[in-house]
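A short worksheet on the structure shown next.
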Amino acid sequence: MNENASAMASPVRAVLSGLPQRLVQDGLVDEAAMLDAIAGARERKTHLVSWLVSREMAAARDIALAAAQEFGVPLLDLDAVNIDLDTVRLVNEKLLAKHRVLPLVKRGKRLHVAVSDPTNLHAVDEIKFQTGLSIEAVVVEDDKLQRAVQKAIEQVDTSMPALGEDDFALDNLEITSDEETEADVTRDDVEDAPIVRFVNKIMLDAIRRNASDIHFEPYEKYYRIRLRIDGVLREIAQPPVQLATKLAARLKVMSRLDIAERRVPQDGRIKMRLSKNRSIDFRVSSCPTLFGEKIVLRILDASTAMMGIDALGYEPFQKELYLKNLARPQGMILVTGPTGSGKTVSLYTGLAILNVEDTNISTAEDPAEIVLPGVNQVNVNPKVGLTFASALRAFLRQDPDVIMVGEVRDLETAEIAIKAAQTGHLVLSTLHTNDAPQTLTRLVDMGVKPYAIATSVSLIIAQRLARRLCGHCKAPMDLPAEAALREGFAREQVERPDFRVYRAVGCSQCTDGFKGRVGIYEVLPVTEAIGRIILEGGSAPHIRDQARKEGGWDLRAAALKKVLDGVTSLEEVNRVTVD
């Protein structure tokens, strides 16, 4: 019986070799699980070590230690290494991504390359053939290697030496600003053609990667460029610090700012026309810092902003409340949240629904970020006396049906908006508060009479933006019941057999396990009961308690629902909401 068992087991053992065999022998991975992992990695066309790490079958550190000991290869901590982009450029980007390897140091005819699996001889051979160098492998942890390779490819792709003559339409982009001048291109622009092409490429890469902002940041000994992707800043390039002045000058020329003035902040705008049917606006802000001007570009792409209400992430009952209040002939809808939480998109989604032939819509904004045909949009300009309040007064003399105010900043604007909501107009606006109940008390603090708030404000939407988990690589996460209860999940949710939460992993189709963002909303209708609390001078906690009694969800409850649906991770929810 034992002989038969041994005979049956031996073919299975023969399948394993190299690093998988060592991991099984060390007891890090069960033999059957390893065979399944090999099959799964082959089917998904991914690296075995990445498959093991992403599914928590073995720790990246343990795999690296086992590989180093088994094959006598040095073990290195990538966090302690400064990546040399000139060395990285020795290997084709496609090979870097395909085999997930990272060139570290070139000494003579030897190239030291970071790998997570030193038995991947195919990768070594391809790099050796492409570079003509002798390859020396160095073992590193797979998760750190994945991040380092992705970052290195991004930096190589956007660094100055990497720009070639065949880059996508870099020389043919049409770039203008709000204020046209006689000459579209200055002498300095022509003389500094590499700077022009570099800035154009950064802007194009930001658009391709759906970034919301570009940060050009000078420091004493280095210069960095970062993109805000899905709400998180990521460094993409470190051009020489000596180029700080030229980069700032180029951006200021593009946005028609005063190049000679470096002592005070300036604001401008750039329009980049990608094709006959698509153009992208950039809102430009310069600010003097210790070591030069920091310049931030906010990307305003109307095509990505107008997604439709179904794509924003409202729960069905929240969507119904929003649509119901949009259909009312009068009242005020307030959207609240921090900068970058998607308030403008929520408001414009509502305006797009209301934008029909028989409705007169006027907006006052600072500035108008999305151009919406059929809507009368005004940019406020306090320098010439065109404030939110004065724009509102003008709107009320032009027979409006719907008014949108970019932000309620002061008592004068709030009072005019509330009077408009009380006299047959639908008013939409934003306010900066942490949640919906605080919005009502904030209006009281500004000096608005409680009875005016109770009779005019009809709906408050507080919101945040959370990163969506990548559908290709997200993986289930073990969350003990007690930990889930502490996070705010209900006991009946935790005790369900299908209770499951997911975590971010990371793959070639996403950024650190996330792709895109989804809204998290607290939708608070001002009911009769809540109106009475306002009239009685009640606090935000009293309003919050009443909203819960009426079945409303706060931001945390809405966020945990997104976790249960597998849309985002618990870690991401903890980043954007407070328990």
Side-chain angles (χ1 to χ4, degrees), residues 306-337 341-356 359 361 401-405 408 417-418 420-422 424-431 433-443 453-466 517-534 538 540 542-562 564-565 567 576-577:
M306 303 304 294
M307 298 183 297
I309 193 168
D310 291 326
L312 297 184
Y314 285 96
E315 298 298 326
F317 77 94
Q318 295 176 331
K319 171 185 168 183
E320 184 180 346
L321 281 170
Y322 189 19
L323 293 176
K324 177 182 176 182
N325 282 273
L326 283 173
R328 295 179 61 176
Q330 66 183 51
M332 177 181 279
I333 298 175
L334 290 172
V335 181
T336 181
S341 61
K343 300 187 297 294
T344 301
V345 173
S346 287
L347 286 176
Y348 268 91
T349 300
L351 289 180
I353 294 171
L354 297 169
N355 187 18
V356 292
T359 302
I361 304 175
D401 296 302
V402 179
I403 297 172
M404 197 268 272
V405 186
V408 175
I418 283 175
Q422 291 173 327
H425 307 93
L426 180 63
V427 180
L428 287 74
S429 189
T430 69
L431 203 63
T433 57
N434 290 328
D435 59 22
Q438 287 185 32
T439 303
L440 296 168
T441 56
R442 170 87 171 101
L443 289 171
I453 300 171
T455 57
S456 61
V457 179
S458 54
L459 187 72
I460 301 170
I461 301 172
Q463 65 181 77
R464 300 290 188 275
L465 285 178
R517 288 192 287 179
V518 64
I520 296 172
Y521 302 94
E522 176 184 14
V523 180
L524 175 66
V526 181
T527 60
E528 290 186 11
I530 291 177
R532 283 195 298 270
I533 294 175
I534 298 170
H542 291 148
I543 297 172
R544 188 178 298 110
D545 291 340
Q546 179 60 35
R548 286 174 179 167
K549 290 178 184 177
E550 295 175 0
W553 289 5
D554 59 18
L555 282 168
R556 183 68 181 182
L560 292 178
K561 179 62 165 59
K562 293 287 189 294
L564 283 177
D565 292 341
V567 175
V576 299
T577 66

* Would you say the side chain of Arg548 lies within less than 4.5 Å of the side chain of Asp554, judging by non-hydrogen atoms? -> yes
* Structure fact -> By side chain to side chain donor-acceptor pair (under 3.5 Å), Gln546 pairs with (sequence neighbours left out) Glu550
* Matching residue for Leu347 among Leu428, Ile461, Val405, Ile333 - test: side-chain contact (heavy atoms from CB on, under 4.5 Å) -> Leu428
* Pair Asn434-Arg464, side-chain contact (heavy atoms from CB on, under 4.5 Å): steps then yes or no -> CA-CA 10 Å; Asn434 290 328; Arg464 300 290 188 275; 4.3 Å; yes
* Looking at Val408 and Ser429, what are the two nearest heavy atoms and their distance? -> CG2-OG, 3.3 Å
* To do: Can you measure from OG1 (Thr527) to CZ (Arg532) and round to the nearest 0.5 angstrom?
  => 8.0 Å
* Asked: What heavy-atom pair brings Leu354 and Leu326 nearest, and what distance separates the two atoms?
  -> CD2-O, 3.3 Å
* Asked: For the residue pair Ile543 and Ile534, what are the closest heavy atoms and their distance?
  -> CD1-CG1, 4.3 Å
* Asked: What residues, two or more places apart in sequence or in another chain, satisfy side chain to side chain donor-acceptor pair (under 3.5 Å) together with Gln318?
  -> none
* **Pairwise side-chain contact, Leu459 with Val523, heavy-atom cut-off 4.5 Å (strictly under)** => yes
* Structure fact -> side chain to side chain donor-acceptor pair (under 3.5 Å) filter on Asp565, not counting sequence neighbours, yields Lys561
* Got a second to check how far Leu351's CG is from Ile361's CD1, nearest 0.5 Å? -> 5.5 Å
* Asked: Closest heavy-atom contact between Ala417 and Met332?
  -> CB-CE, 3.4 Å
* To do: Quick one: list whatever passes side chain to side chain contact (heavy atoms under 4.5 Å, CB included) with Lys319, sequence neighbours left out.
  => Ile309, Asp310, Tyr314, Leu323
* To do: Enter the distance from Tyr322:OH to Leu312:CG here, rounded to the nearest 0.5 Å.
  => 8.5 Å
* Asked: Can any side-chain N or O of Thr349 pair as donor or acceptor with the backbone N or O of Val345 at less than 3.5 Å?
  -> yes
* Report the residues that fulfil side chain to side chain contact (heavy atoms under 4.5 Å, CB included) with Thr336, sequence neighbours left out, ordered by chain and then residue number. => Thr433, Thr439, Ile460, Ala462
* Structure fact -> Rounded to the nearest 0.5 angstrom, the CD-CG distance for Glu320 and Asn325 is 10.5 Å
* Nearest non-hydrogen partners of Ala558 and Trp553, listed with the distance -> CA-CE3, 3.8 Å
* Closest heavy-atom pair and its distance - Ile530, Pro525 -> CD1-O, 3.6 Å
* Asked: Does some side-chain heavy atom of Ile533 sit less than 4.5 Å from a side-chain heavy atom of Leu440?
  -> no
* Non-neighbouring partners of Thr455 that pass side chain to side chain donor-acceptor pair (under 3.5 Å), sequence neighbours left out -> Gln422
* Trace of the side-chain contact (heavy atoms from CB on, under 4.5 Å) decision for Lys562 with Glu315 -> CA-CA 9 Å; Lys562 293 287 189 294; Glu315 298 298 326; 3.0 Å; yes
